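To keep things clear, I will list the structure first and then write my remarks on it.
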Amino acid sequence: MSLHHDVEEVLLDTDTVAARVTELGAELVRDYTGRDPVLVSVLKGSLVFLADLMRAMDLPMSIDLMEVSSYGSGTESSGQVRILKDLSKPIEGRDVIVVEDIIDTGLTLNYLLRYLGERHPASIKVCCLLDKPARRLAEIPIDYRGFTIPDRFVIGYGLDYDERYRNLPYIGVLKPSVYGGAPPED
Ligand code: PRP
């Protein structure tokens with residue numbers, strides 16, 4: 001696939017992401033064999049990661065999907081978290097693995113981990129594909145981490161800007177001109 005014209009550069013190509021997701025799946029299988037975990041994923045950005053990660057996990061497990069909103073249509077976290085779709089089944093006594101595409105300020109997961117903890121699971125761990133520590137406002141225990149990335153606006157592999165680009169098969173950096181940022185200097 002050719003590079004999308006709104007993409008400044010490819011940060012993580014398709015093969016690099018696939019290889020790391022396979023490794024994360026193997027780590028989870030090693031840690032969760034015999035425990036029947038539930039993968040709780042946060043839509044919509046995590047959809048692609050979840051779909052690949054679960055197929056890299058050859059063990060009995062289930063999934064549940066939540067949708068929360070934290071960003072609106074901009075590029076900055078508002079710190080406001082709203083639950084748009086809740087869990088479909090109780091998680092009491094279950095081993096929960098929260099599957100996230102990206103942790104940026106950490107505000108979304110900070111809220112979500114408290115929310116899920118109040119439902120008395122046996123355990124909660126966090127598996128995120130992308131960790132962007134530069135802008136962290138809330139400390140988050142990340143148990144399984146795909147990549148640590150710099151403070152750039154990334155899209156693709158489920159991640160959007162204003163609901164677009166989720167279908168790109170790689171993780172790219174969005175050109176600042178697309179979201180009204182300063183153009184790169186020559
Ligand atoms: C993204 C991502 C996380 C959150 C992380 O979701 O999926 O849930 O932002 O940011 P934070 O650490 O600063 O809270 P977003 O609200 O963009 O929705 P989406 O998954 O539907 O794209």
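In listed order, ligands and their atoms are each counted from 1. Keep in mind that what you see is a predicted model, and the values were worked out from it rather than measured.
Residue-ligand proximity, Thr105 to ligand 1, at heavy-atom distances under 4.0 Å covers atoms 11 (P), 12 (O), 13 (O), 14 (O). Annotation for ligand 1: atoms under 4.0 Å from non-hydrogen atoms of Asp160 are 22 (O). The Ile103 neighbourhood of ligand 1 comprises atoms 12 (O), with distances under 4.0 Å to a heavy atom of that residue. Near Leu43, the atoms of ligand 1 lying under 4.0 angstrom from a non-hydrogen atom of the residue are 20 (O), 21 (O). The distance from ligand 1 to the heavy atoms of Thr108 drops below 4.0 Å at these ligand atoms: 4 (C), 5 (C), 8 (O), 10 (O), 11 (P), 14 (O). Near Lys44, the atoms of ligand 1 lying under 4.0 angstrom from a non-hydrogen atom of the residue are 19 (P), 20 (O), 21 (O).
The shortest heavy-atom contact between Ile140 and Gly106 is CD1-O, 3.4 Å.
In this pair, Phe153 and Tyr161 present their aromatic rings perpendicular. The plane angle is above 60°, beyond the 30 to 60° band.
Taking all heavy atoms of Lys132, Arg166, Glu100 into account, the minimum distance to atom 8 (O) of ligand 1 is reached by Glu100. Nearest to atom 2 (C) of ligand 1 by heavy atom, out of Leu109, Asp101, Leu129, is Asp101. Remark: among candidates Asp162, Ile102, Asp104, the nearest residue to atom 1 (C) of ligand 1 is Ile102, based on non-hydrogen atoms.
The 12-atom threshold is not exceeded at CG of Asp58, counting heavy atoms of other residues, nucleotides or ligands nearer than 6.0 Å. Around CD of Glu9, the count of heavy atoms belonging to other residues, nucleotides or ligands within 6.0 Å exceeds 12.
A salt bridge does not link Glu139 with Arg136: none of the charged nitrogens is closer than 4.0 Å to a carboxylate oxygen.
At least one donor-acceptor pair under 3.5 Å links the side chain of Lys175 to the backbone N or O of His5.
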Can you list the steps and then say if Ser123 with Arg35 is a side-chain contact (heavy atoms from CB on, under 4.5 Å)? CA-CA 11 Å; Ser123 68; Arg35 293 171 64 186; 3.5 Å; yes
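Residue Gly106 places a heavy atom less than 4.0 Å from ligand 1.
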